[in-house]
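One structure is given here, and the rest of the page talks about it.
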There are 2 protein chains.
Amino acid sequence: MRTKFAISQLPARQIGNVQYDHSMENKYYTPKTLGDAIGVSQSSLKRWADRGLLNVERTVGGHRRIVLEEALRFIRESGVSIVKPDLLGLEDYDIDTEGQDLDSADKLYYALHAGDETGVRGLVLNQYLEGRPLHEIFDQDLQPAMTRIGLLWHDDISGITIEHRAHDICMQVLADLRFRLPKVFTKGMAIGCSAPGDSYSMPTALVATALRAEGFEAVNLGPNLPLDALMDECKKVKPVLVWISISHLKKAHILRNDLRDFARFLRDQQGALVIGGSQVSRLRLDKDPFVLIGKNIHELVSISRGLVAERMTGEKTQETKSEE
Amino acid sequence: MRTKFAISQLPARQIGNVQYDHSMENKYYTPKTLGDAIGVSQSSLKRWADRGLLNVERTVGGHRRIVLEEALRFIRESGVSIVKPDLLGLEDYDIDTEGQDLDSADKLYYALHAGDETGVRGLVLNQYLEGRPLHEIFDQDLQPAMTRIGLLWHDDISGITIEHRAHDICMQVLADLRFRLPKVFTKGMAIGCSAPGDSYSMPTALVATALRAEGFEAVNLGPNLPLDALMDECKKVKPVLVWISISHLKKAHILRNDLRDFARFLRDQQGALVIGGSQVSRLRLDKDPFVLIGKNIHELVSISRGLVAERMTGEKTQETKSEE
DNA sequence: GCTGGATACGTCCATATCGTTCAATGGTAG
DNA sequence: CTACCATTGAACGATATGGACGTATCCAGC
């Protein structure tokens, strides 16, 4: 094992172009990564390194590189706390992962599986801060993870508790997220719920959160809402968009007709109905021109953008002259 | 008494590492920020920290950094008032009461009725920071307000949407609260859910939050959990306390027997079962010496304190391995 | 191999915080 | 009223922090 010293220039050793030193299985971190991970500025990190508090190696070009063990030693001995553990790859939910690299969806699954509330929050928040759209995180990470956890259900009785706990954690993180989103509601009102008889609360919460991120003033009415109550509310607030999530379906034929009518009612007051959820296909409403279908949250968000765009142009012509 | 505020999504500028404009991970506050926020000099803050009244972490260079939860705990327990809420990521908030004097329960009712999410959050947090115990806020303000809103249900169809919306807001505020509580789990593990067949999610969330504030590592398994799944989980984590909320009751006789057995099973592994909720009296379990009944959250919290006290004395004779 | 955007380099500076001392304030007991 | 004690906020020089600057390096994508 090669000795590592700070400050003085190390012998030329090309480590810059790879993040891994394959010969030693060492992982290097840049000052930015480590700085973000422990929540200090790069300036401070540089100063500490130059003072010898943190041992760094240097690339040929003079850039600092920090080995994982040294980063950990420094964190432990200096007493600084880790703000974003996942930046260091430290979220080891070692259930059946043998040191392999996990993508964000896998990490989320393991964190949910382990009931690690803080971990889940951190993972989702970081993804969002790194610029990933919420609908993408939801569609590609959160929902698959929950589906996967739902499958445990069949294997073992403990799968039920894991699923319930994961559900609770998701709802908490969603609430946290919804609250932290900038409250700029430029696109009008959106309102939604789960279909009557459907008591799944997560899908509709996901939609509400994603739509808030899109700039809608999204009001979530939660699971299992009678359609006439929803209609009554729509008469009052005139939403641009109404979503209904359908993850559990009892009386398909009744709901189908109700949704048809509801969509037309909304149309009359310049609103649109978007339905989604795992059971939506059973309703066979894909031919109906007034009922929009979002197969996932991304689609729903796309539809919402279309609606707003259309509304803009529609209002512009309406200002001048309204023609049939 | 002029501290009325809610939490703002726009955080204090320049705290710690933040380089994104709307920092979602507001981790640390500097003495200046906190001092300005509560209107005291940095000198006093330093002295309090040195005397151990306020827990601070230190940067490598020795500067004090305060985490938000600790700041809120200190504000709450020391009774200082917040002068500039926005510095802590809270925003000035005053509900429009048209001059009339309303108590906090009434204000909460109106805010919930109006769907004013920010208002509800502000009111609850305000009460909490003024030193009122969470269980008291829940028992005397939140639950009565929700009950009152539930009554609207009968008058008018719009009562249904109001109730759903209020429920969603409550769940959000609870999540927010749970997140802001200091995470010191000194009293052991607590675990709970709503009874099988009971799909009300709020009571069990209230309990989880109150128990966290009490120092339990409370895990909420949400509504409608089969008892055998709960039992399976209890075998694994050996909770000190298990709560079951019963707001809706179908097969009373079956559940009664199950709960009896469950309570005895828990007893055998040093745990206690506490049940509560509006339908609890129908179970007629008040004679059973092993099934504890908490008529409200305050009672449940009291019971939990008793349990811990008893456990302490019990362990003193046992002298098992001590923790660091 | 070349190239462009992202990132880090070294350096400088404004501001914040450090530990400490000291004067002002306010309550209390004699 | 005075003497005493506790608390507070302001001041001090020294140090720490984070951001800004122009230049240099890194590395992924072609």
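The model shown is predicted, which means the values in this text are computed figures rather than measured ones. Atom set for the values below is all heavy atoms of this structure, side chains included, hydrogens, waters and symmetry mates excluded. By convention in this document, chain letters (A, B, ...) are assigned in the order of the sequence lines, proteins followed by strands, and residues within each chain are numbered from 1.
Comment: A:R121 engages A:D176 in a salt bridge, judged by a side-chain N to carboxylate O separation of less than 4.0 angstrom. Salt-bridge annotation for A:R212 and B:E117: present, with a side-chain N of the basic residue lying under 4.0 Å from a carboxylate O of the acidic one.
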Audit row: A:R178, A:N220, side-chain contact (heavy atoms from CB on, under 4.5 Å) steps and yes/no: CA-CA 11 Å; A:R178 236 201 284 183; A:N220 178 22; 3.8 Å; yes
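One can place CD of B:E57 at 18 Å from C1' of C:dC18, the figure rounded to the nearest angstrom. The CG atom of B:L53 sits 12 Å away from the C1' atom of D:dT7 (whole-angstrom rounding). Going from atom NZ of A:K32 over to atom P of C:dA6 covers 12 Å, rounded to whole Å. If you take CD1 of A:I66 and P of C:dT7, they are 15 Å apart, rounded to a whole angstrom. Rounded to whole Å, atom P of C:dT21 lies 13 Å from atom CG of B:D50. Look at CG on B:D36: it is 13 Å from C1' on C:dT15, rounded to the nearest Å. Rounded to a whole Å, the CG atom of A:L45 is 13 Å from the P atom of C:dG10. For the pair B:L54 CG and D:dT8 P, the interatomic distance rounds to 13 Å; values are reported in whole Å.
Contact check, B:T30 against D:dT17: no side-chain N or O comes under 4.0 Å of OP1 or OP2. In terms of phosphate contacts, B:Q42 brings no side-chain nitrogen or oxygen within less than 4.0 Å of OP1 or OP2 of C:dA16. Close to D:dT25, at under 4.0 Å from its OP1 or OP2, lies no side-chain N or O of A:R65. Look at B:R58 and you'll find a side-chain N or O under 4.0 angstrom from OP1 or OP2 of C:dG19. An OP1 or OP2 oxygen of C:dA8 is reached within less than 4.0 angstrom by no side-chain nitrogen or oxygen of A:R64. Between A:R51 and D:dA16, a side-chain N or O to OP1/OP2 separation shorter than 4.0 Å is present.
For A:K295, the NZ atom sits in a loose shell: 12 or fewer heavy atoms of surrounding residues, nucleotides or ligands are nearer than 6.0 Å.
Ring planes of A:H135 and A:H298: perpendicular class, angle over 60° (limits at 30 and 60°).
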Please write out the pairs of protein N or O atoms and N or O atoms of nucleotides 10-13 of chain D separated by less than 3.5 Å, giving the distance to one decimal.
| residue | atom | partner | partner atom | Å |
| --- | --- | --- | --- | --- |
| D:dA10 | N7 | B:S43 | OG | 2.9 |
| D:dA10 | N6 | B:S43 | OG | 3.3 |

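Annotation: cation-pi pair A:R148/A:Y109 present, NZ/CZ under 6.0 Å from the ring centroid and within 45° of its normal.
Taking each heavy atom of A:L45 and A:G35 in turn, the nearest pair found is CD2-N, 3.5 Å.
With the nearest nucleotide of DNA chain D identified for both A:H63 and B:S44, B:S44 has the one nearer the 5' end. For the pair B:W48 and B:V60, both in contact range of DNA chain D, the more 5′-proximal nearest nucleotide belongs to B:W48.
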